[in-house]
**Student:** 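A single structure is presented below for examination.
Ligands are counted one by one from 1 in listed order, and the atoms in each one are counted from 1 as well. Computation of the quantities below employed the complete heavy-atom set of this structure, encompassing side-chain atoms and omitting hydrogens, waters and symmetry-equivalent molecules. This is a predicted model, so every value here is computed, not measured.
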Amino acid sequence: MSTATDRLGRELGSLRVSVTDRCNMRCRYCMPEDEYQWLPRSSILSFEEITRLAGVFASLGAGKVRLTGGEPLLRHDLARLVGQLSAVEGVRDLALTTNGILLAAQAAGLRAAGLGRVTVSLDTLRPERMKEFARSDHHPEVLAGIRAAVAAGFEAVKVNAVVIRGYNDDEILSLLAFGRQESVEIRFIEYMDVGGATRWTRDEVVSQAEILEVVARRHGRPEPLAARAASPAERFRLPDGTTFGVIASTTAPFCRDCDRSRLTADGTWFLCLYATDGVNLRDALRAGASDEDLAALVRRIWASRADRGAEERLAVPARGVLYQVESLRADPRREMHTRGG
Ligand code: SAM
């Protein structure tokens, strides 16, 4: 079957699969509230259902699959899902985004099951900051998780750091040094006004230009590296050979190259991180649709896609919070942690 293409000529290339909406951290930029509305358990896709849908998407060109959440390592026996997905025809790149807390114990098993790449989120090297900002005192476990991932021999281990003014913008250079020391590539992420970021303000965004300025002052101007098609990160190299990336989704969005879509843990398919509504694939799946029916549905909907969510946000004059808490409670699929980051 040929690759599905949308109205702006963008091919369906990658699928982010949220395997759970639960998380064991409460990052201020993602889950700052005290209470959340969780997806009903009966609606959560089984591993077999996820694998079938991944096969349908792969048959339309989505050969890259990233498992995310919530915190994906909270999903029991995730390595079994990885094993099933790695056997799907057309899936050629299988990756995981995790906060790393539970990674040390699972890294080798995930690698053995066929996981190719791991990205660990780590915003600070200071345990007390993580405690204050993410309500977690598991900083040592995250570091152990990163080291275990490197030791497990993944094709790549990356570290994502969201840079927030007044929180960790004084750690850009130390995070870079940490990456060099641990042999992992750091990717700085601009703070995004996604659903769930109910405390977002423009002032707290540290732009790609500012990040590069801080790096240049210490190391000299980083050399831009050729971008990989559809990759959200722009990559750079320092004179000493260290490479790093910046994901400038807030100030310099890359919608024109976006080949990603997202499947929530309950089988709702979102064509854009900023989309208000998704498509319920679970009901079609559970009503007995064949793979061909599902592929036809996905192809038809992708063909109608014209989303440019991040670019549209850029054009909002007094840009503020995307959704207020009440709106997130009314539809938890608007949350970043449900949609899958
Ligand atoms: N729990 C996993 C983790 O921490 O990596 C996976 C899910 S998390 C939602 C995925 C990524 O989204 C993390 O790297 C997190 O830092 C990022 N993220 C969440 N909210 C964000 C925001 N408002 N702006 C930028 N990145 C955000």
**Student:** May I ask you to list the atoms of ligand 1 that are less than 4.0 angstrom from any heavy atom of Val194?
**Tutor:**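 Numbered from 1, ligand 1 contributes 22 (C), 23 (N).
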
**Student:** Look up atom CZ in Phe188 and atom CD1 in Ile247, then write down how far apart they are to the nearest 0.5 Å.
**Tutor:**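 Answer rounded to 0.5 Å: 11.5 Å.
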
**Student:** Kindly assign one of parallel, tilted or perpendicular to the pair Phe133 and Tyr167, based on the angle between their ring planes and the thresholds 30° and 60°.
**Tutor:**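 Parallel: the ring planes of Phe133 and Tyr167 meet at under 30°.
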
**Student:** Which of the atoms in ligand 1, numbered in the order shown and given with their element, are less than 4.0 Å from a heavy-atom of Thr68?
**Tutor:**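 Heavy-atom distances to Thr68 below 4.0 Å select 6 (C), 7 (C).
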
**Student:** Gly70 near ligand 1, heavy-atom distance under 4.0 Å?
**Tutor:**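 Yes.
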
**Student:** Could you list which atoms of ligand 1 come closer than 4.0 Å to a heavy atom of Cys30?
**Tutor:**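 Ligand 1 atoms under the 4.0 Å threshold to Cys30: 19 (C), 20 (N).
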
**Student:** How many angstroms lie between atom CH2 of Trp269 and atom CG of Leu294, to the nearest 0.5 angstrom?
**Tutor:**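 That separation rounds to 11.0 Å.
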
**Student:** Would you mind checking which non-hydrogen protein atom is closest to atom 10 (C) of ligand 1, with the distance to 0.1 Å?
**Tutor:**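 Answer, as residue, atom name and distance: Gly341 CA, 3.7 Å.
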
**Student:** Does the distance from a Lys or Arg side-chain N to an Asp or Glu carboxylate O, for Arg10 and Asp259, drop under 4.0 Å?
**Tutor:**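 No, no charged N to carboxylate O under 4.0 Å.
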
**Student:** Considering the heavy atoms of Tyr191, write down every atom of ligand 1 situated less than 4.0 Å from one of them.
**Tutor:**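 Taking each heavy atom of Tyr191 in turn, ligand 1 has 23 (N), 24 (N) under 4.0 Å.
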
**Student:** Below 4.0 angstrom from a heavy atom of Asn160, which ligand 1 atoms are there? Numbered from 1 as shown, please.
**Tutor:**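 Those qualifying, in numeric order: 14 (O).
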
**Student:** So, is the end of the Arg334 side chain (NZ or CZ) under 6.0 Å from the ring centre of Tyr323 and within 45° of the ring's axis?
**Tutor:**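 Yes, a cation-pi geometry.
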
**Student:** Please classify the Asn99 to ligand 1 contact at 4.0 Å (heavy-atom distances, strictly less than): side chain, backbone, both or neither.
**Tutor:**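 Both of them.
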
**Student:** If the threshold is 4.0 Å, N to carboxylate O, is there a salt bridge linking Glu132 and Arg28?
**Tutor:**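 No, Glu132 and Arg28 are not salt-bridged.
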
**Student:** Assess Arg339 against Phe270: is NZ or CZ under 6.0 Å from the centre of the six-membered ring, and within 45 degrees of the ring's axis?
**Tutor:**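 Arg339 over Phe270 ring: yes.
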
**Student:** Starting from atom 20 (N) of ligand 1, what is the nearest protein heavy atom, named by residue and atom, and what distance separates them?
**Tutor:**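 For atom 20 (N) of ligand 1, the nearest protein heavy atom is Tyr29 CD1, 3.3 Å.
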
**Student:** Just to confirm my output: which protein heavy-atom neighbour is closest to atom 5 (O) of ligand 1, and how far is it?
**Tutor:**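 Protein heavy atom at minimum distance: Ser121 OG, 2.5 Å.
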
**Student:** At less than 4.0 angstrom from any non-hydrogen atom of Ala197, what atoms of ligand 1 do you find?
**Tutor:**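 Checking each atom against Ala197, I get 23 (N).
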
**Student:** Could you pull out the closest heavy-atom pair between Thr338 and Ser18, with the gap in Å?
**Tutor:**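 So the minimum-distance heavy-atom pair works out to O-OG, 3.3 Å.
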
**Student:** Please give me the minimum heavy-atom distance between Leu176 and Ile186, naming the atom from each residue.
**Tutor:**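 Closest pair (atom of Leu176, atom of Ile186, distance): CA-CG1, 4.2 Å.
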
**Student:** Kindly give the heavy-atom pair with the smallest separation between Gly145 and Leu103, and that separation in Å.
**Tutor:**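 In terms of heavy atoms, the two residues are closest at O-CD2, 3.4 Å.
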
**Student:** With heavy atoms under 4.0 Å as the rule, classify the contact between Val162 and ligand 1 as side chain, backbone, both or neither.
**Tutor:**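 The answer is the side chain.
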
**Student:** Starting from atom 17 (C) of ligand 1, what is the nearest protein heavy atom, named by residue and atom, and what distance separates them?
**Tutor:**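 Here the nearest protein heavy atom works out to Met336 CE, 4.1 Å.
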
**Student:** Under 4.0 Å, heavy-atom basis, I'd like to know which part of Glu190 is in contact with ligand 1: side chain, backbone, both or neither.
**Tutor:**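 Glu190 to ligand 1: backbone contact only, side chain stays beyond 4.0 Å.
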
**Student:** For Glu71, is at least one N or O under 3.5 Å away from an N or O on ligand 1?
**Tutor:**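 Min N/O separation from ligand 1 is below 3.5 Å for Glu71.
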
**Student:** Does the pair Arg199/Glu204 count as a salt bridge with the N-to-O cut at 4.0 Å?
**Tutor:**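 Here Arg199 does not pair with Glu204 in a salt bridge, since their nearest N and O are not under 4.0 Å apart.
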
**Student:** Give me the residue, atom name and distance of the protein heavy atom closest to atom 24 (N) of ligand 1.
**Tutor:**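 Closest protein heavy atom to atom 24 (N) of ligand 1: Met192 N, 2.9 Å.
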
**Student:** Heavy-atom contacts under 4.0 Å between Asp193 and ligand 1: side chain, backbone, both, or neither?
**Tutor:**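 The answer is neither; Asp193 stays 4.0 Å or more away.
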
